[in-house]
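Take a look at the structure set out below.
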Amino acid sequence: MTKLHKALILSHKPAGRGYYRLVLKAPEAAVAAVPGQFVMLRVTENRDPLLARPFGISSIIARKSIELFYRVAGRGTALLTRMKAGHALSLLGPLGKGFLLPVKDVTPVLIAGGSGFPPLHFFAMRAGDRAHFFVGARDKECLPPTRVLTSLKANTAKVHIATEDGSMGRQGMSTDALKAFLAKEERKDRLVIYACGPHAMLAAVSRIAAEHSITCYVSTEERMACGLGACMGCSVPMKAGGYKRACKEGPVFDARDIAWGETVMVNVRNSEFKVRSE
Amino acid sequence: MTKLHKALILSHKPAGRGYYRLVLKAPEAAVAAVPGQFVMLRVTENRDPLLARPFGISSIIARKSIELFYRVAGRGTALLTRMKAGHALSLLGPLGKGFLLPVKDVTPVLIAGGSGFPPLHFFAMRAGDRAHFFVGARDKECLPPTRVLTSLKANTAKVHIATEDGSMGRQGMSTDALKAFLAKEERKDRLVIYACGPHAMLAAVSRIAAEHSITCYVSTEERMACGLGACMGCSVPMKAGGYKRACKEGPVFDARDIAWGETVMVNVRNSEFKVRSE
Amino acid sequence: MPAKIKTKPNLSVTLAGIKLKNPVLTASGTFGYGEEFADFVDLNKLGGVIVKGVSLKPIAGNPPPRIWETPSGMLNAIGLENPGVDVFINEKLPYLRRFDTAVLVNVFGYSLEEYVGVVERLDGVSGVSGLEVNISCPNVKAGGIVFGTNVKAAFELLSAVRKATKLPVIAKLSPNVTDITEFARAARDAGCDGLSLINTLLGMAIDVRCRRPRLANCTGGLSGPAIRPVAVRMVWQAAKAVSLPIIGMGGIVTGEDALEFILAGATAVAVGTANFVNPRATLDVLDDLERCLREQGVGDLQSLIGKVSVG
Amino acid sequence: MPAKIKTKPNLSVTLAGIKLKNPVLTASGTFGYGEEFADFVDLNKLGGVIVKGVSLKPIAGNPPPRIWETPSGMLNAIGLENPGVDVFINEKLPYLRRFDTAVLVNVFGYSLEEYVGVVERLDGVSGVSGLEVNISCPNVKAGGIVFGTNVKAAFELLSAVRKATKLPVIAKLSPNVTDITEFARAARDAGCDGLSLINTLLGMAIDVRCRRPRLANCTGGLSGPAIRPVAVRMVWQAAKAVSLPIIGMGGIVTGEDALEFILAGATAVAVGTANFVNPRATLDVLDDLERCLREQGVGDLQSLIGKVSVG
Ligand SMILES: Cc1cc2nc3c(=O)[nH]c(=O)nc-3n(C[C@H](O)[C@H](O)[C@H](O)COP(=O)(O)OP(=O)(O)OC[C@H]3O[C@@H](n4cnc5c(N)ncnc54)[C@H](O)[C@@H]3O)c2cc1C
Ligand SMILES: Cc1cc2nc3c(=O)[nH]c(=O)nc-3n(C[C@H](O)[C@H](O)[C@H](O)COP(=O)(O)OP(=O)(O)OC[C@H]3O[C@@H](n4cnc5c(N)ncnc54)[C@H](O)[C@@H]3O)c2cc1C
Ligand SMILES: Cc1cc2nc3c(=O)[nH]c(=O)nc-3n(C[C@H](O)[C@H](O)[C@H](O)COP(=O)(O)O)c2cc1C
Ligand SMILES: Cc1cc2nc3c(=O)[nH]c(=O)nc-3n(C[C@H](O)[C@H](O)[C@H](O)COP(=O)(O)O)c2cc1C
Ligand code: FES
Ligand code: FES
C-alpha cells in the first residue's frame, strides 16, 4: 500500500479565525484514512524549508479527497498559504495510529484546544451521533472556524463551547466545562474521553479523566521529520520508561501511558515557537 | 537613487523557442535603465535558491516597466517560470555600465548569440536605425523568439540571421555572416561592433574586430552573487593584469581590454552547467 | 554534449570486498532497519542498507525535542536510541535477510569495550555484510572525549574493533575535525577496509522567545543539503590521502549530488536526510544516477570514481 | 507572551572598548568598503562596518569562477582580492570617515611579517576603530599551514599583532577546527580584545558534466544560512570558554537569527552573505532585532548577551 501521493489542490481558502481550509485530491489516502491519523505535506520542492509538515485529517470528502484546516505558525505554513488550487503537493499518508472508535453504547467525550480540532472533527463525522464535543479558546476569535462548529453541531449530540473571556459560549476553560459536565453525569462508566490540543490541555484532561477513572485517549503534537518511524525525532516519554514515536505508535496514546511531567518543556517550546512564528 | 524594487509582474508568458517573456513594473528602474544594463531578480523569499539571478534588460515599456527574456537554465529560472502575473518580485537594478551609444554617423554592428540578445535588442530600440543586427544559432529553434526578431527588423537597418543547419537565414555561424559583411564594407572606420553572447563567440568576434581594427564592445556573462561590486565574484581577467567586476565596471567591456585566453575555462563551465541544468 | 548510450550502464561496485549491485546505500539512522520504508522502496533495488546504529545494550535516547529544522538542513539529537544488538539480531535482521541487498550494520559504544562487545556479537551472524563503525561517540571512560576527534583514540578503537571481527570494517569519520586526512590515515593504519563520511556537523539552534536551545540536548548533528559542500570537500581530501574505498554522504538528494561524491573519490554513496523528505529518495537517486551516466555516455560507473580533474 | 514596551530599547553595546550604537555590523568581504551600499544603507544607522580584508600589498585574487551557489549558502574563493593597505587608507577610508559609525579593518597576510606590516601601517590612522585579524590564511613561510588551524601558530601570530598596535585587536577564528575553544583561549592569551566567528567552512562543489570543481580554486568558503547552526554552536562554546566579547556571524538574515547569536554569547553580530541577497539586510536585521526586543519587553539588549538557559 503506497502512501506517497501527488495530491491536487481542489480548494484552498481562508476559513476564518486565522485558519485555512485545504482540500486535496488523494483517493487512496482518503479511503484508507481513519480519525486521528495525519498527513505530511511538502510546502516546496526546493531545499528550504526542507521538511514536510504534519497536519491532522479533518474529514474525507466523497471518498476521494482529504480536508485539512491549518493556521499559519511559521515559514512552512506561511508558504503553504500561497499554493493555489490546481497545483499539486506531495502528500504522505495517512500516517500514524488513529483513535479506536468507540464500541456500541459508549458515549464519546471529545475535547479540542488550539488547532487540535481537525482529528476530532473527523471522529465526530464517523462516530459523533452520541458524542459531546468540548471546545475552548482564549476568545471567540481563537475558536475553530464557524463552518467547523456548524458541522460539529450537526454531527454530535452537543457542542460545549467555552471561551476564557466569555465572548462565545460559557465563560472559562473547556476543561472547566468538562468538569461541570462530568459532575452531572451518572453513567461515567459509559464515557470515553478523546482529546487533542496543546500539551498543557492534554495533561489537564488526562488528570481529570484519571480522577473520574474514565478511559482517555490523547493525540499528541510533536515535531516530526519523517512521519514514518524512521528518524526517531517525534518521541513521547512513556510512564513505563523509554519513548514511543508519535508518528508510528501515536499520535494517539492512552493518557495513562504517557509520562506527562517530562514533556512539559516540549510543550513550552512548541507553544513558544508557534507564538514566535506567528 | 534607490535600486531595490518590489516589482509587480505585469505579464509572464512563454515567448516561443524555449524563452519566457517577463514584464515587470518598476518605473524608477525603467526610467534610469540604458542598453547593456541588467537587473538581479530573486526567485524566492526562502533560503534556497539563495542568490538573485541576473538578467539583461530587453526593453523599457511605456517608461514604467522592464521587459526581460529568459530561458530555463537551472533551478532558479525553473522556479521563476512559476511566478504568476500579479505577484511581486524583488528586483535590483538597473545595474552595471551599459553600452555607450554610438555618436552620429557611426554604423552600429550588433551581434548576438545564445540568450545574449536582450541587451542588444534594447540597444536597437534606442539607437538601431542604422544598425546591422547579426544573430546566429545552431538551428531555427535556438534563435531568439519570433516577436524579438520582428521587433529587431522594425528597429534596425538589417537583421542578418544565420543558422548552422541552415534551417533559417544563411547557413553557418553568425561570425561568418559578420566576416562576409565586413569584407564588402568600405567605410569600416564608421563601424563599431557590439556583441553579447557565449564567451567563445565574444572571443571570436573580438578577434575579427581586431583584424579589421574596428572598435568592439562585448557584454560578458559571469556568475554573480551581489550585482553591486561587493562580493568580487564576477571578475573578468584584464589584459593589463588583474580583474574587473562584470557587475560594476562591466558587463560591457572594450574587447581589447579583456584577457581572452584565461577566461575560456570559465566559459566552458558556464555553458556546461547551463547544459547540465536544462 | 556527449552521445547518449542505449545500453544500461554498469552501476555495480565492490566496496571493502562487499559486492554492491549499485552504489546507492541508506545512511545510518535515516532508514530505520529497512522495514519502515517497505511501502516505498523495494530493498532488492538498493546497493545496500546501512542500519541505524546498534549498541551492546538497548539505549532509550535523549528527551524531546530531538529535532529542529534549519536552512536546507536539520539538527538532530536522537541520542542513538536503539533496542540493542540482541534485539537487532533477533527481530530486525531477519526482515533484512529476505532481501538481495548488502546489509551494513552501524555500531557504536561509549567505551572501547562496548564497541568490541557489539562487534563480537555480530561476527559471523548471517545476513551481515559488513560493519560501519560510528566513532563520533564520547568515551565515557576517558572523560567523555569523542573517539572520532582524537587521532590516537580513534586509532586504538578501530584497531581493537578490527581485531574483534572477520567482517569488513568501515570507519565512519566525524567531520568535526581540523584535518580529516589524519583520521583517514589512522583508520587505514588500524586495518580498516573502508571509510564512511561524513557524519553530522555539530550545530545548535536557539528559540529566541524562551531563550532555550531548540533541542533538549542543547547541541545536535547538522545534516541535509546544507552540509553537502563540506562533505564533498572531505571525501575529496580523504580519497587523496588514502586508497581505502569510501562511502560518501552528506546532503545527497539527486543523482547529480551522488555523482559529485563519486567524482570526488567515493566508491559508494549513502542517502540520509533526504529519506525523511521523500521516502523514495534512494530509488530516485539511483534512477537519476543512471540517467546521468547515459547522458554522459558512461558505460561503467567505476570509471568515474575520483575522476574530478583539478586545475 | 511578555508585555510589549513602547520605549525604544537600548541597543548600544561596547565591544573591546569600542562603543557601538547597535550590535549590527557588516561581515568582512560582503560589504565592500561601504561605498557599494550607499544607495541602500545609511551607514550612520549601523553599529559598525567591518571592511573587506586588507593586506600590505595589493592582491589580484583568484581566477574565475570564484563563486558557486549551494543549498541555502554559497561557496567563494575570491582569493582576498584587495588594493592593499595604502590604497585603502588613501582612497577607501576617507569615505567611511564621513559617517558616524565604527570602522573595523579586517587585516590578513601570508606571513607573520605581512600581518605585522599591515597592522603597523594602520596604527594611529584616524577613522579606524579597531582591527579584525583574519587568521584563516596559509603561512607561506611555514609550508602553507593555515595560522587559524594551528593553536601555536595562531597564538604567535596574534601575539605579534597585539604588540604591533594600540588599536583593539579582534581575532577572527576559523571554524575548520576540532575545538574552537583552544583557539579562543589562544587569542585571549595573546592579549586580543575580542573574538570574531565564524569565518567560512571549507567546502567544495563539482560540475558533474565537465568533472571539474565549480571553483577555479577547487575548494572555497561556505557561507550563508546553511552554516548558521554551526556558527551559533561555536559562538556558544567560545563564550563559555573565555570572557572576551564576541562578534557572532554566520548565516544571519533576520533579527531572530541575530538574537540567536546574542543569546549564545555574542556582544555584536555581523551580517554577511545576506547583503548579497538583500542590500538592505543589515538595516532589516536591525529593525527586526528592535521589534523582537519590544515584543519580549526587553529594555536593554545587553541583558540578553549569553542568556540562553541550557538544561
Ligand atoms: C500529528 C500532528 C498533527 C497536526 N495537525 C495540525 C492541524 O490539523 N492544523 C494545524 O494548524 N496544525 C497542525 N499541527 C501543527 C503543524 O504541524 C505545525 O503548525 C506546522 O508544522 C508549523 O510549521 P511552520 O513551518 O509553519 O512553523 P515553523 O516554526 O517554521 O516550523 C519549524 C519546524 O517545527 C515544526 N513544528 C512547528 N510547530 C509545530 C507543532 N505545533 N507541532 C509539531 N511540529 C511543529 C515544523 O513541522 C518544522 O519542522 C499538527 C502537528 C502534528 C505533529
Ligand atoms: C549580466 C547577465 C545578464 C544575463 N541576461 C540573461 C538574459 O537576458 N536572459 C537569460 O536567459 N539569461 C541571462 N543571463 C544568464 C542567467 O543569469 C542564467 O541563465 C541564470 O542565472 C541561471 O540561473 P539558474 O538558477 O536557472 O541556473 P543554475 O545553474 O541553477 O544557477 C546556479 C548559479 O549559477 C549562476 N549562473 C548559471 N548560469 C549562468 C550564466 N549563464 N551566467 C551567469 N550566471 C549563471 C546562477 O545565477 C546561480 O548563481 C545573464 C547573465 C548575466 C551575468
Ligand atoms: C536523525 C538522524 C539519525 C542519525 N543516526 C545515525 C546513527 O545512528 N549512526 C551514524 O553513524 N550516523 C547517524 N546519522 C548520520 C547520517 O548517517 C549521515 O552521516 C548524516 O546525516 C549526513 O548525511 P545526510 O546529510 O544525507 O543526512 C544520523 C542522521 C540523522 C539525520
Ligand atoms: C564573498 C565573501 C568574501 C569574504 N571575504 C572575507 C575577508 O576578506 N575576510 C574575512 O575575514 N572574511 C571574509 N568572508 C567571511 C565573512 O566575513 C563571514 O565570516 C562568513 O561569510 C560567514 O558569515 P555569513 O554566513 O553571514 O556570510 C567573506 C565571505 C564571503 C561570502
Ligand atoms: S517523525 Fe520520524 S520517527 Fe516520527
Ligand atoms: S556580482 Fe558581486 S561583485 Fe559583481
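Letters go in sequence order (proteins before strands), and every chain restarts at 1.
Most heavy-atom pairs under 4.5 Å with chain C, from the set A225(A), S90(A), G76(A), G242(A): that is A225(A). Interface summary for chain A: among I67(C), I59(C), V253(C), T30(C), the most heavy-atom pairs under 4.5 angstrom belong to I67(C). Between chain A and the residues G251(C), P225(C), A226(C), the largest count of heavy-atom pairs under 4.5 Å involves P225(C). Chain A forms more heavy-atom pairs under 4.5 Å with one residue of T273(C), V277(C), N275(C) than with any other, namely V277(C).
The contact list for residues 72-85 of chain C toward chain A, using heavy atoms and a distance under 4.5 Å, reads S72(C), G73(C), M74(C), I78(C), E81(C) by residue number. Contact residues of residues 44-55 of chain C toward chain A are K52(C) (heavy-atom distance under 4.5 Å).
Contacts between M40(A) and chain C at a heavy-atom distance below 4.5 Å are absent for every atom of the residue. F37(C) touches chain A through its side chain: at least one heavy atom from C-beta onward sits under 4.5 Å away, while N, CA, C and O do not. Residue A52(A) does not touch chain C at all, counting heavy-atom pairs closer than 4.5 Å. Of the two parts of T70(C), only the backbone, made up of N, CA, C and O, holds a non-hydrogen atom closer than 4.5 Å to a non-hydrogen atom of chain A.
By the 6.0 Å contact criterion, NZ on K64(A) is enclosed, its count of non-hydrogen atoms from other residues, nucleotides or ligands being greater than 12. For R138(A), the CZ atom sits in a loose shell: 12 or fewer heavy atoms of surrounding residues, nucleotides or ligands are nearer than 6.0 Å.
Of all heavy-atom pairs between F276(C) and C231(A), the closest is CZ-CB, 3.4 Å. Scanning all heavy atoms of the two residues, the minimum distance from S235(A) to P64(C) falls at O-CG, 3.4 Å. Looking at every heavy atom in both residues, E36(C) comes nearest to G229(A) through CG-O, 3.7 Å.
At least one donor-acceptor pair under 3.5 Å links the side chain of E69(C) to the backbone N or O of L51(A).
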